[in-house]
Amino acid sequence: MNDSMAARPAPLVTVTMTVNGRSVTRSVEPRTHLIDFLRNELDLTGSHLGCEHGVCGACTVRVDGDIVRGCLVLAVQLEGARVETIEGISASGEITDLQEAFVRRNALQCGYCTPGMLMCAAEFLRTRPSADREAIRDFISGNYCRCTGYHAIVDAIAETVEARRSAKGRGGHR
Amino acid sequence: MKFAPFDYVCTRSLAEVYDLIEARGPDARILAGGQSLLTTLALRLSEPSVLLDIGGLQELRFIEERNGAIHVGALTRHCELETSPLIAARLPLIAQAMPHVAHAAIRNRGTIGGSLSLADPAAELPACMLALDAAIVLASRDGERRVRAEAFFKGLYHTDVRPGELLVRVEITPLEKEWRFHFAEFSRRRGDYAMVGLAAAARGPGPLPEELRLAFLGCGDRPVRAREAERVASGSASAPRAERYSALRRALEKDLEPQSDPNASSETRMHLAAVLADRAIEALSG
């Protein structure tokens, strides 16, 4: 432990990654985690910081196709990585139905947890779609909501699973 | 909270890692998946001067069978263990335990090497290593050495890793066909660290296990084999449940030293350990 060392800003590191399909290069302090990188360097403020130590899930984003805690990943670890945020998967239309179900079901109040919750729910829909409420609760257990009590969130996700399933049955795109 | 400043090196080879560990000394920390390390930095529990990122060393990321043993590279992620057909077929105890490790978003980045190096006494993988008698392989510039899991975990966040060494893989020889496995834990919420957990293995084609291994997590400063309970259990598998619980509970009082914390008192933990042992014997009896 050496206080003068600890206070010294570390040399910047240059990192290039793809964010929502766009290649970006920035020089950042090594201690910059992905969410500060997205919010402060790229003005992508949809990803939120709640606890900032990996517990609450508000910072959930995708790296190379899988959801991660954005506050537990350093920007400098992501050289060459592909990052997708709530802005990206909203614009692509991937979760339009899920977002509409969230509105219909009142699955948000203050909305702070919602981007992370949607990223998590999108992963559930993609990897293990099931309308089983226990399975949904289990999968979103790492994302905290302090307003809704989760019931409406589970409703919205279950409804989207069912809707996609019946659309598929009718030969729809989903 | 924000991390304190640190330097960062993206390492390209194991040789470079050994050089840097030596050059930067004890203030350097190895960054693998970062799911525990970055949490401790966010809580300012530690302030290393430099992080040595080994995340790009693909040679440490594999699950394969060599000479009858399953070798798992240190950078293998929890999600890869969870979905590996080889793990499901040959090391089903690990496959059973993985869904209990935190949440999907954390399993997507957390690594086995990181989890074992951290040696949290409430973590699932260390207890599995103990139950399966895994060999932990530590490498340094001078070569490799193998440490059995029971000798590797030495105390609270304390392992047998020496200065200059890096955990590079684990080697596990699957137990024979007649072994069966059971993993269970109690936690306040899904994905939380367990209050108490148990990785169990039992051998025997008959209704009662002839040989039993009980490796507890959350019941001391490290994962613990409950040898007295293992001995007692073999003789009490057919006893009535209430009797069996009492016998196991008495034995576990000798095996375990659970601590009290805001999640559970040591008394509660002892009770839950006996419940888990009792249920494991029930599940593992033919």
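Each chain gets a letter, A, B and so on, in the order the sequences are listed, and its residues count up from 1.
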### Message
Can you confirm whether more than 12 heavy atoms, excluding those of B:R279, are under 6.0 Å from its CZ atom?
### Response
no
### Region of A:E79 in contact with chain B, defined by heavy-atom distances below 4.5 Å
neither
## Note on the structure
d(A:R69 CZ, B:R109 CZ) to nearest 0.5 Å is 13.0 Å
#### Entry: A:P11 vs B:D7 side-chain heavy atoms within contact, under 4.5 Å
yes
### Query
If you draw a 6.0 Å radius around CZ in A:R133, do more than 12 non-hydrogen atoms from other residues or ligands fall strictly inside?
yes
### Message
Using 0.5 Å steps for rounding, measure from the NZ atom of B:K2 to the CG atom of A:L49.
### Response
5.0 Å
## Note on the structure
One option among B:C10, B:A105, B:P99, B:A102 has the most heavy-atom pairs under 4.5 Å with chain A, and it is B:A105
### Message
Quick check against the 3.5 Å criterion: does A:R31 have a side-chain atom that pairs as donor or acceptor with the backbone of B:F3?
### Response
yes
### Query
Would you say B:Q259 has more than 12 foreign heavy atoms packed within less than 6.0 Å of its CD?
no
### Query
Can you tell me how far CG of B:L45 sits from NE2 of A:H53, rounded to the nearest 0.5 angstrom?
10.0 Å
### Query
Which answer fits B:L41, side chain, backbone, both or neither, if we ask what part of it has an atom under 4.5 Å from a heavy atom of chain A?
neither
### Part of B:L51 lying under 4.5 Å from any heavy atom of chain A
side chain
### Task
Would you name the heavy atoms of A:G54 and B:I106 that are closest together and state the gap between them?
O-CD1, 3.8 Å
### Reported CG-to-CD distance for the pair B:L31 and A:Q77, which is rounded to 0.5 angstrom
4.5 Å
### Query
Side chain, backbone, both or neither: which part of A:D36 has a non-hydrogen atom closer than 4.5 Å to chain B?
side chain
### Message
Please check: side-chain N/O of B:Q35 versus main-chain N/O of A:L72, any donor-acceptor pairing under 3.5 Å?
### Response
yes
### Message
Given heavy-atom pairs under 4.5 angstrom as the criterion, report whether the side chain, backbone, both or neither of A:F139 touches chain B.
### Response
side chain
### Task
Could you have a look at A:T60, A:V73, A:T127 and say which one has the most heavy-atom pairs with chain B under 4.5 angstrom?
A:V73
### Task
Check whether A:C120 gets within reach of chain B through its side chain, its backbone, both or neither, counting any heavy atom under 4.5 Å.
neither
### Query
Under a 4.5 Å heavy-atom cut-off, does chain A meet the side chain of B:R189, its backbone, both or neither?
side chain
### Task
Please round to the nearest 0.5 Å and tell me the distance separating atom CZ of B:F6 and atom CD of A:E29.
9.0 Å
### Query
Among A:V76, A:D66, A:V13, which has the most heavy-atom pairs under 4.5 Å with chain B?
A:V76
### Query
After noting the C-alpha distance and the side-chain angles of A:R62 and B:N108, does the key distance pass the side-chain contact (heavy atoms from CB on, under 4.5 Å) rule?
CA-CA 10 Å; A:R62 269 187 208 155; B:N108 282 339; over 6 Å; no
### Task
Can you see which heavy atom on B:P5 is nearest to which on A:A10, and at what distance?
CB-N, 4.4 Å
